[in-house]
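Here the structure comes first, spelled out in structure tokens, and everything after it is commentary.
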Amino acid sequence: MPAPMPLPSANDPVRFALLLQSYGQGPDVRWEEWVRVVQLAEQAGFAGVHVVDHLYMQTERIYGPRVVEGQPDILECWTTLAALAAVTERMWVGPLVSPVALRHPVLIAKHAATVDRISGGRLLLALGAGWNRPEFESFGFTFDESFAVRAEKLKEGVEVILRLFAENGWVDFAGKHYRLAKAPFWPKPVQRPRPPLWFGGGGTVIRELVARAGDGWCPAAQHYKGFTPEVYAQKLADIRERAKAAGRDPRAVTPAITFLTSVASSRQQALDACSLMRKRPDWSDLTLEDMERRGVIVLGTPEECAAGVSRYVEAGARYIILHIMPYDLKAAERAIEMYAKHILPRFA
């Protein structure tokens, strides 16, 4: 089986990855359509494909031409990753991100080990604390209002996952939130000592966790009303300082970022393609140009998009995860082809 594309560290060439838009496509999309998009990205040189891990996304957060009113469709993350692992050869596959407060860490560990084996060692495990309160409450999960509690669950959950990956015997664990009593865990992941462990988010708790335990940092610019390259550079520098203080190589962490992108032959076409974004309540007071300045989206012609990506590369990012607008698989195919032809070669 071919080896996966190398994950970049601080001074390596830039890699691009695809965030597969697994929700808001309409309930009748055939699986073959998803596969075609992902295989096109792999053929184009994309290093990874990532899937959001949600059970439900509110209709007001989904904007695309195929959304069916009252039916916020979404594919389950881990079964999707397992299927994608079986139809790709070199791409990394992984969640973006799995919320430990929603997914029990034992289940995350089992899903991760299984997908790593199906893929032949191409799982990239990205974790987060969870944020989508309506999602938790709709399905009867407890949502901890305090981020500090969700962060506790994340940190403790990481310890559970790493012990299940590493220990050869049956695992005991007694924590504040999770308990294991002689838990068997086989088979282990293919990657040893474990798959790469990344964290999403930009707060202090997450940066400290990345610095002490993470192999990568993957914040999502579109979760904020501003994650500019300047902010990214400041937070990345903080992670490296914390890693150095913890006795780790400060430049070993892969610096990644996710942002929305709309690319077209003309700037006006790119603007028109993502005009639905302003229907989202937390962005309704922003123009598309505001979103572009704040780092929510990189848009325009290939030349303009390349310049937008360059700002993040100059800030230190080396793994660029593209969330293509509009939310439509055919549009994703066109954008992948434009990125492959006009933009990826500039960063090779």
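- Applying the ring pair (Phe, Tyr, Trp, His ring centres under 6.0 Å) test to residues at least two apart or on different chains, the pairs with a partner in residues 84-107 are H104-Y178.
- The CG atom of L124 lies 8.5 Å from the CG atom of D215; values are rounded to the nearest 0.5 Å.
- Side chains of S22 and W34: no donor on one and acceptor on the other come within 3.5 Å.
- Note that OG1 of T287 and CG of L271 are 9.5 Å apart. Values are rounded to the nearest 0.5 Å.
- Ion pairing between K176 and E152 holds under the 4.0 Å rule for side-chain N and carboxylate O.
- Within the 4.5 Å cutoff, side-chain heavy atoms of I108 are placed close to those of I161.
- A salt bridge does not link R150 with D144: every distance from a Lys NZ or Arg NE/NH1/NH2 to an Asp or Glu carboxylate oxygen is 4.0 Å or more.
- In this structure, F139 and Y56 have perpendicular ring planes: the angle between them is above 60°, well past the 30° mark.
- By the criterion of side-chain heavy atoms lying less than 4.5 angstrom apart, applied directly or through intervening Ile, Leu, Val, Met, Phe, Trp or Tyr residues, M5 is not grouped with Y339; the two fall into different hydrophobic clusters.
- For D290 and R293, the salt-bridge test passes: some basic side-chain N is under 4.0 Å from an acidic carboxylate O.
- The structure places CD1 of I74 at 11.0 Å from CD of Q25, a figure rounded to the nearest 0.5 Å.
- Checking side-chain atoms of K235 against main-chain N and O of G202 turns up a donor-acceptor pair under 3.5 Å.
- A salt bridge is defined here as a Lys NZ or Arg NE, NH1 or NH2 lying under 4.0 Å from an Asp or Glu carboxylate O, and R212 with E208 meets this definition.
- Taken from CH2 in W217 to CD1 in I206, the straight-line distance is 11.0 Å, to the nearest 0.5 Å.
- Below 30°, between 30° and 60°, or above 60°: for W131 and H54 the angle between ring planes is above 60°, a perpendicular geometry.
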Legend entry - L81/W78 under side chain to side chain contact (heavy atoms under 4.5 Å, CB included): CA gap, chis, key distance, verdict: CA-CA 5 Å; L81 291 172; W78 283 98; 3.9 Å; yes

Inset, instruction - Please test E42 against R90 for salt bridge (charged side-chain N to carboxylate O under 4.0 Å, His left out), starting from the C-alpha separation and ending with a verdict. - result: CA-CA 8 Å; E42 183 170 45; R90 296 199 65 203; over 6 Å; no

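- Separation of atoms OG (S138) and CZ (R133) is listed at 11.5 Å; rounding is to 0.5 Å.
- Just one residue in the list F259, F347, Y319 forms a ring-ring contact (aromatic ring centres under 6.0 Å, His included) with Y312, and that residue is F259.
- Considering CG of N132 and CZ of F143, their distance stands at 8.0 Å, rounded to 0.5 Å.
- Between the side chains of E230 and T228, a donor-acceptor pair is found at a separation under 3.5 Å.
- Applying the side-chain contact (heavy atoms from CB on, under 4.5 Å) criterion to E333, with sequence neighbours excluded, gives R36, V37, L40, K330.
- Between S265 and T301, every side-chain heavy-atom pair lies at or beyond the 4.5 Å cut-off.
- Clustering ILVMFWY residues whenever any of their side-chain heavy atoms sit less than 4.5 angstrom apart, transitively, puts L107 in a cluster other than the one holding F185.
- Taking all atoms of both residues into account, the shortest heavy-atom contact from A86 to I118 is N-CG2, 4.2 Å.
- Under the 4.0 Å criterion applied to side-chain N and carboxylate O atoms, R103 and E76 are assigned as salt-bridge partners.
- Taking the charged nitrogens against the carboxylate oxygens, D12 and R251 have no contact shorter than 4.0 Å, which rules out a salt bridge.
- E156 has no carboxylate O lying under 4.0 Å from a charged side-chain N of R179, or vice versa, which leaves the two without a salt bridge.
- Considering only heavy atoms from C-beta on, L180 stays 4.5 Å or farther from W170 through its side chain.
- Between I321 and L18 the shortest side-chain heavy-atom distance does not fall below 4.5 Å.
- Screening V253, L7, V313 for a side-chain contact (heavy atoms from CB on, under 4.5 Å) involving R318 leaves a single residue, V313.
- No hydrogens or angles considered: nothing links the side chains of D238 and Q234 as a donor-acceptor pair under 3.5 Å.
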